[in-house]
Amino acid sequence: MALKKVKCNIERMFDKSLTDLVRGIRNNKENEAKYISQCMEDIKLELRQDNLSVKSNAIAKLTYLQMLGYDISWAGFNIIEVMSSSKFTLKRIGYLAASQSFHCDSELLMLTTNMIRKELNSQNQYEAGLALTSLSCYVSTDLARDLSNDILTLLSSTKPYIRKKAVLMMYKVFLKYPEALRPAFPRLKEKLEDPDPGVQSAAVNVVCELARKNPKNYLSLAPVFFKLMTTSTNNWMLIKIIKLFGALTPLEPRLGKKLIEPLTNLIHSTSAMSLLYECINTVIAVLISISSGMPNHAASIQLCVQKLRILIEDSDQNLKYLGLLAMSKILKTHPKSVQAHKDLVLQCLEDKDESIRLRALDLLYGMVSKKNLMEIVKKLMVHMDKAEGTIYRDELLSKIILICSQNNYQFITNFEWYVTVLVDLAQMEFGSKQGHVISSQLMDVSVRVEAIRPFAVSEMADLLNYYTLNSQFMVMQEVLYAAAYLCGEFSIHLKDPEKVLKLMLSYKPLPQHIEAVFIHNILKLFAHIMEKYELEEQYDEILNLCDLIMNKLQDSLKSIELEVQERSSTCMTIVEIVKEEIELKKQNANKQIIDSDEMDPIKKEKDAGNTLAADLLQLFQGELNPVAPKAQKKVPIPEDLDLDSWINEPIEESESESDAEITENIFVNSERNGGDNKEKYKEPTEEDLRKNREARKHEQLHNPHYLKGNNSFDEDSEKIENIPITDLELNIPLKVPGQKRSDKYLKTKEDKKHKKKSRKKKHKSESSSDENVEAAPTVRREFDMPEGATLSDSDSSRGNENDPHKALNIELDIPSMNDYNEEQKQSADEYKKKKFKKKTEKERKPKKSDKYKKIKNVPPKDGMLVSLDEDLNSKTMEVNDEIIEEKKEIVKEEKKLKKHKKDKKEKKKDKETKTKSKKSTSDYEEPLGISTPSKEFLPVQ
């Protein structure tokens, strides 16, 4: 044995320690994987030895490799073996490895139950603390159930070190085994008043975490927490207690009134910013819950806002963010007190930190009123020009739109200003991610506010002109969707519809969904123009427009998108039909001019109602109402709808030749197949070729991605000097940099000063200032919804299914089913015991049934028979006695019930007689034939 120990010690001298492993990994950075694999083989050899110190060294190296990302689950048995060591130094390594490598679903945890229980009951406090610390990392449902009683007994330990760790460990047990919360809760309450501050703080932490799901259970602890809040100096414990009070005050408003004074004292006295923030948060929650019962709380709100201003002005970015976050909570209930600090919030927009800028934007959203909307939006647009980063600029743009459109445009008094703001935003040179938002806003405003439609349509016409004259990257392409739709839908308000139609026909390559809208609204605009020309009998103008439309739509027919192909083909067929009809009308008009110089005016009026344009405009009649956001979800599914059934039954498989014929002729009309093959292909004429050549050259000339040749430039360079200088006639005024068109709607300072002189200086308030603002036009607030559906219907909000605190939603006041079943068992056992006692007492008493024991004198045949008869008779008599006694008890109970009923009836009769007497004295009913003097009721003075 001695030689073996010496041999092991000599071998250990050459083993690699943890420091050797770390040093070797740092020296072999190029071949790190190879070096670690070699070390793994050495560790496996060390784990096969019998010496626990060697194994613990190997486990220590494995824990380090596990932190680097290597799997050590294969060494689970060896870890448990080191955990069971009697030496604390080795045991500590095993528990450390277990806390890192084991998890709640590990299969080897069942082997550790008795070992951990033994450690928990150890006399050495550090061994018990080590087991508790390690167990918290991998506790499973089975371990929590088996060890909950052992951990619960540690709460009453004499050593505060163990009590503190046991209290914290109970929280992990509650998460895995919620049934342990009910029996452990009284012990947990006691620890809140523990003499050791560490145990006290641990108990407060556990209760605060438990109160996340169901704070109602912990209302009874409010006096204890109030005492701790007023006496403790531990800031971290105070933060937890104040958080808990913030959750309890909505459940018990009376608690909030008592909290205001100590919380305000803490706000005045504390220098810890974290505690100050939590105090302000809780004061806000308290004031929200007791706002009806405590009207004079303006001073506390002002105090909170002033302290938050100190946080926002601090150089620390974290404190600035927290100040803005708390300010947004005050804004929901007390907006006037926050609006006074608008300048401070606008300064935060210049901060380097993007999260602070976004939080300041959220604050501005709630600070808007009718009076300051234009000013805030102007500052945001100026800030957008300077801002960097596409994500932040997009967020800024969406926030501007949210500010203006909140509550169905509640704060907008001048919609012309808002339309110009949207157009200015559309012309800003940055990413087009928010183009669809601007487009939807333009359409929404024009549909809802009828008074703004003429101005909006004129702005959209200018936007189309700006798009055609400039590069396609100067305007968000998504906004052209709204421009085309509004010019087509509300074409009545256009001043020069023919010019707008030509602008729409000269569109550049666009996304397919926008091109489809262009084609559809070109037809609408054409029908409106055609009505005017047809009444004036200007058929040549109509035919020219038809040619323009057909030439443009020929390119759209070649589009990849099916929607564009379909719309262009239908539009072309309609235009072709119109062209044929107009040519016939033109011929008839020429014949009539030849026959008679003048036309009958009555006949002309009749023809005005039967024009071709009127028939075409009927396709677009009817005004579309705004659709609710969730209207599609509210549409009921038809009962007969079966989405699994075939719409068209699949074609059965047949021979390959028939399949080939079907696939070839599936999109070709059967009548055309009989003709010659020459009819399928029509050779283009010289005029068609010339038009195609000119269109190709025009497209190449205006395409920025096409490389032009130098020949034309050389020819024209000689004539540059001979070009005359002429004045440019610009339809759109030149844009001055740094100035927006929406600025003209802002009132100047001089106008404001002039108006201030005329106003009265007394009784000024924000409500009175809002009255001076111009009245806004009416906004349509109706939505189209399916029958029977309402806007109030909301989607079901589901919580997080993986929430670990979900199991802690237990009502501690209501007993559990297990306790209820145990109580029922106990009551049943007690009832059986009482019955058994009654029987034993009856057996001990002398029997009164001797008179029933008259047996006939029958000669006994056998002694055994006589004894059997006597036994039977005695048993029957005993049963009869029990039946008689039970009947007597039943009769007694029936008599009691009858007496109780009689007493109730008598009481009712007495009450009725009393009420009748009262009525007779008060109402003074007169019997027949007898007159009584009327009572006079004098008023009480």
Side-chain angles (χ1 to χ4, degrees), residues 226 229-230 235 238-239 241-243 245-250 253-316 318-349 351 356 359-372 375-376 411 761-770:
F226 190 83
M229 186 180 72
T230 52
N235 284 340
L238 285 173
I239 287 169
I241 293 169
I242 290 166
K243 271 187 177 180
F245 276 133
L248 293 178
T249 43
R254 292 178 297 176
L255 180 63
K257 296 178 182 178
K258 294 182 179 180
L259 287 173
I260 287 291
E261 186 178 351
L263 286 175
T264 49
N265 291 336
L266 277 172
I267 291 170
H268 279 294
S269 61
T270 186
S271 59
M273 291 299 182
S274 55
L275 181 59
L276 176 66
Y277 174 73
E278 289 302 333
C279 288
I280 292 169
N281 261 343
T282 308
V283 166
I284 295 164
V286 167
L287 293 177
I288 290 169
S289 61
I290 63 171
S291 57
S292 58
M294 189 178 177
N296 299 323
H297 55 266
S300 53
I301 284 290
Q302 287 298 326
L303 174 65
C304 293
V305 173
Q306 286 171 7
K307 292 290 182 180
L308 288 175
R309 187 180 179 93
I310 295 169
L311 287 177
I312 295 169
E313 289 175 345
D314 198 282
S315 59
D316 190 358
N318 296 322
L319 295 177
K320 190 176 288 188
Y321 182 85
L322 289 175
L324 291 169
L325 186 63
M327 195 82 86
S328 62
K329 293 179 182 178
I330 297 176
L331 183 67
K332 294 176 183 177
T333 53
H334 302 83
K336 291 182 182 178
S337 56
V338 179
Q339 284 175 358
H341 304 275
K342 182 182 67 177
D343 298 333
L344 180 65
V345 177
L346 288 170
Q347 284 177 10
C348 293
L349 291 175
D351 199 277
I356 291 172
R359 186 56 62 189
L361 283 176
D362 293 336
L363 259 178
L364 284 174
Y365 175 77
M367 295 170 70
V368 169
S369 65
K370 289 182 179 179
K371 190 178 178 182
N372 61 8
E375 183 185 354
I376 288 175
F411 301 114
K761 293 182 180 180
K762 296 179 181 180
H763 307 290
K764 286 186 178 179
S765 61
E766 288 197 2
S767 58
S768 63
S769 63
D770 287 341

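Throughout, residue positions are numbered sequentially from 1 according to the sequence presented. Keep in mind it's a predicted model, so treat the numbers as computed, not measured.
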* To do: Check N235 against A272 and note the closest heavy-atom contact, atom names and distance.
  => ND2-CB, 3.7 Å
* Asked: Are side-chain heavy atoms of L319 and Y277 found at a separation under 4.5 Å?
  -> no
* Structure fact -> Minimal heavy-atom distance between I312 and K320, with the atoms involved, is O-CE, 3.1 Å
* **Distance, nearest 0.5 Å, that separates CE of M327 from CE of M367** => 8.0 Å
* Structure fact -> One should read off an interatomic distance between R309 CZ and C304 SG, to the nearest 0.5 angstrom, of 15.5 Å
* Steps toward side-chain contact (heavy atoms from CB on, under 4.5 Å) verdict (K257, V286) -> CA-CA 8 Å; K257 296 178 182 178; V286 167; over 6 Å; no
* N281 side chain vs K243 backbone, donor-acceptor pair below 3.5 Å -> no
* **CG on L276 to OG on S269, rounded to 0.5 Å** => 9.5 Å
* Asked: Are L364 and L346 close enough that some pair of their side-chain heavy atoms sits under 4.5 Å apart?
  -> yes
* With the side chain counted from C-beta on, respond yes when I330 and S337 share a heavy-atom pair under 4.5 Å apart, and no when they do not. => yes
* Under 3.5 Å donor-acceptor, D351 side chain and C348 backbone -> no
* Is the number of heavy atoms from other residues, nucleotides or ligands within 6.0 Å of CD (E261) greater than 12? -> no
* Structure fact -> Value for CG (L308) from NZ (K329), rounded to nearest 0.5 Å, stands at 10.5 Å
* **Distance in Å, S274 OG paired with I239 CD1, rounded so as to fall on 0.5 Å steps** => 3.5 Å
* Can you check whether I242's main-chain N or O pairs, donor with acceptor, with T282's side chain at less than 3.5 Å? -> yes
* To do: Could you tell me which non-hydrogen atom of A360 sits nearest to which non-hydrogen atom of L349, and how far apart they are?
  => CB-CD2, 4.1 Å
* **Pairwise distance CG(N265) to OG1(T230) - rounded to 0.5 angstrom** => 10.5 Å
* Side-chain contact, heavy-atom cut-off 4.5 Å: E278 with L238? -> no
* Heavy atoms only: give me the nearest F226-F245 pair and the separation to one decimal. => N-CZ, 3.5 Å
* To do: Side-chain contact test, heavy atoms from C-beta onward, threshold under 4.5 Å: evaluate it for M229 versus P262 and give yes or no.
  => yes
* Asked: Between L263 and C279, what is the shortest heavy-atom contact and its length?
  -> CD2-SG, 4.3 Å
* **Sub-4.5 Å side-chain heavy-atom contact between K342 and I376** => yes
* Can you check whether L266's main-chain N or O pairs, donor with acceptor, with T270's side chain at less than 3.5 Å? -> no
* Compare all side-chain heavy atoms of L259 with those of L255 and state whether any distance is below 4.5 angstrom. => yes
